Amino acid sequence: MAEASYIPLTGEAITDLKEYIKNSISHAEYQANNAWKKIPIYGVETLTDGRVTIFVMFDHNAPDKITGIRFYHKNGFLWAGGSENLNKEEFEEGVLYRYTLKIVQSSGKS
């Protein structure tokens, strides 16, 4: 089978992917004390360097030790998630958590 040429996405396509991400995230969950709790998304934006950022606010009501975070798509499926080690005790007011994505194109060749 012949290998295809590298065909990059256009700038408009990359912008479209970023908008899709920004409009697809429904909510987050955080893990504390071996239990998961739903939390709203505080905001989603594109940074000046092109990265997409999802913000979650852990206010004074959130537990001090957060050990995991998950993000969900509006269609209900798990979109991203993993372990975290957030110690809110170190902050007086709360924590604005930032999950950042960088979309990178590659030819796939090493």
Side-chain angles (χ1 to χ4, degrees):
M1 175 161 40
E3 187 173 316
S5 299
Y6 173 59
I7 303 171
L9 295 173
T10 64
E12 290 85 2
I14 297 292
T15 299
D16 184 61
L17 283 171
K18 292 175 184 179
E19 289 303 311
Y20 171 79
I21 292 168
K22 288 164 56 176
N23 293 317
S24 294
I25 303 303
S26 165
H27 65 279
E29 289 181 338
Y30 65 85
Q31 184 179 40
N33 302 316
N34 294 320
W36 289 92
K37 180 166 170 70
K38 185 176 178 179
I39 189 170
I41 299 298
Y42 185 80
V44 183
E45 62 185 54
T46 302
L47 301 175
T48 56
D49 65 4
R51 295 177 297 159
V52 176
T53 303
I54 304 167
F55 294 99
V56 176
M57 175 61 78
F58 295 111
D59 63 14
H60 62 278
N61 292 322
D64 286 335
K65 297 194 185 320
I66 295 169
T67 57
I69 190 152
R70 303 191 289 209
F71 296 95
Y72 284 86
H73 189 275
K74 288 182 178 177
N75 288 338
F77 63 85
L78 178 63
W79 192 80
S83 297
E84 187 54 84
N85 185 17
L86 181 62
N87 186 351
K88 207 172 76 37
E89 289 176 313
E90 300 170 6
F91 303 92
E92 290 181 25
E93 294 296 319
V95 174
L96 182 60
Y97 180 88
R98 182 173 87 173
Y99 177 73
T100 306
L101 299 158
K102 181 177 181 180
I103 299 173
V104 178
Q105 295 192 70
S106 171
S107 67
K109 297 179 182 180
S110 300

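Computed from a prediction, not measured in an experiment: that's the story for all the values here. Hydrogens, waters and symmetry mates play no part in the numbers below; they use all other heavy atoms, side chains included.
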A.B. asks: Over all heavy atoms of both residues, which pair between His27 and Ile39 is shortest? Give the atoms and the distance, please.
C.D. replies: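 Minimum heavy-atom contact is CB-O, 3.7 Å.
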A.B. asks: Test side-chain contact (heavy atoms from CB on, under 4.5 Å) on Trp79 and Ile54 and set out the steps.
C.D. replies: CA-CA 12 Å; Trp79 192 80; Ile54 304 167; 4.2 Å; yes
A.B. asks: What pair of heavy atoms forms the shortest contact from Val52 to Lys22, and how long is it?
C.D. replies: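 Looking at all heavy atoms of both residues, the shortest contact is CG1-CG, 4.0 Å.
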A.B. asks: Measuring from atom CD1 of Ile21 to atom CG of Asp16, what distance do you get when rounded to the nearest 0.5 angstrom?
C.D. replies: 10.0 Å
A.B. asks: Should Val104 and Leu17 be regarded as members of a common hydrophobic cluster, given that ILVMFWY residues are connected when their side-chain heavy atoms come within less than 4.5 Å of each other, either directly or indirectly?
C.D. replies: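 Looking at the clustering, Leu17 is in a separate group from Val104.
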A.B. asks: A quick test of your reading: do over 12 heavy atoms of other residues, nucleotides or ligands sit less than 6.0 Å from CG of Asn34?
C.D. replies: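 No, not enclosed.
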A.B. asks: How far apart are the C-alpha atoms of Phe58 and Ile66, what are their side-chain angles, what is the distance that settles it, and do they pass the side-chain contact (heavy atoms from CB on, under 4.5 Å) test?
C.D. replies: CA-CA 9 Å; Phe58 295 111; Ile66 295 169; 3.3 Å; yes
A.B. asks: Is it the case that more than 12 heavy atoms not belonging to Asn87 sit under 6.0 Å from its CG atom?
C.D. replies: yes
A.B. asks: Quick one: NZ on Lys102 to OG1 on Thr100, what's the gap to the nearest 0.5 Å?
C.D. replies: 11.5 Å
A.B. asks: Does the side chain of Tyr30 pick up a donor-acceptor pair with the side chain of Glu84 at under 3.5 Å?
C.D. replies: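 Side-chain D/A pair, Tyr30 to Glu84: absent.
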A.B. asks: Looking at side-chain heavy atoms only, is the closest gap between Asn33 and Lys65 below 4.5 Å?
C.D. replies: no
A.B. asks: Kindly say whether Glu19 contributes a backbone atom to a donor-acceptor pair with the side chain of Asn23 at under 3.5 angstrom?
C.D. replies: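 Such a contact is found between Asn23 side chain and Glu19 backbone.
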A.B. asks: Does a side-chain N-to-carboxylate-O contact under 4.0 Å join Glu29 and Arg70?
C.D. replies: yes
A.B. asks: Below 4.5 Å, heavy atoms only, C-beta onward: do Pro8 and Gln105 meet side chain to side chain?
C.D. replies: yes
A.B. asks: Indicate yes or no: at least one non-hydrogen side-chain atom of Thr53 is less than 4.5 angstrom from one of Val44.
C.D. replies: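 No, side chains not in contact.
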A.B. asks: OG/Ser24 to NE2/His73 distance, rounded to the nearest 0.5 angstrom?
C.D. replies: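 So the OG of Ser24 and the NE2 of His73 are separated by 3.5 Å.
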A.B. asks: Minimum heavy-atom separation for Pro63 and Lys88, please, with both atom names.
C.D. replies: O-CE, 3.6 Å
A.B. asks: Specify the closest pair of heavy atoms between Gly50 and Lys18, including all atoms of both residues, with the distance to one decimal.
C.D. replies: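 Shortest heavy-atom contact: O-NZ, 2.8 Å.
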A.B. asks: Per the ring pair (Phe, Tyr, Trp, His ring centres under 6.0 Å) rule, what does the pair list look like for residues 34-56, sequence neighbours excluded?
C.D. replies: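 Qualifying pairs: none.
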A.B. asks: Could you give the distance from OH (Tyr72) to CZ (Phe77), rounded to the nearest 0.5 Å?
C.D. replies: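 The distance works out to 11.5 Å.
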A.B. asks: What about Ile69 and Leu96, same hydrophobic cluster or not, with Ile/Leu/Val/Met/Phe/Trp/Tyr joined at side-chain heavy-atom distances under 4.5 Å?
C.D. replies: no
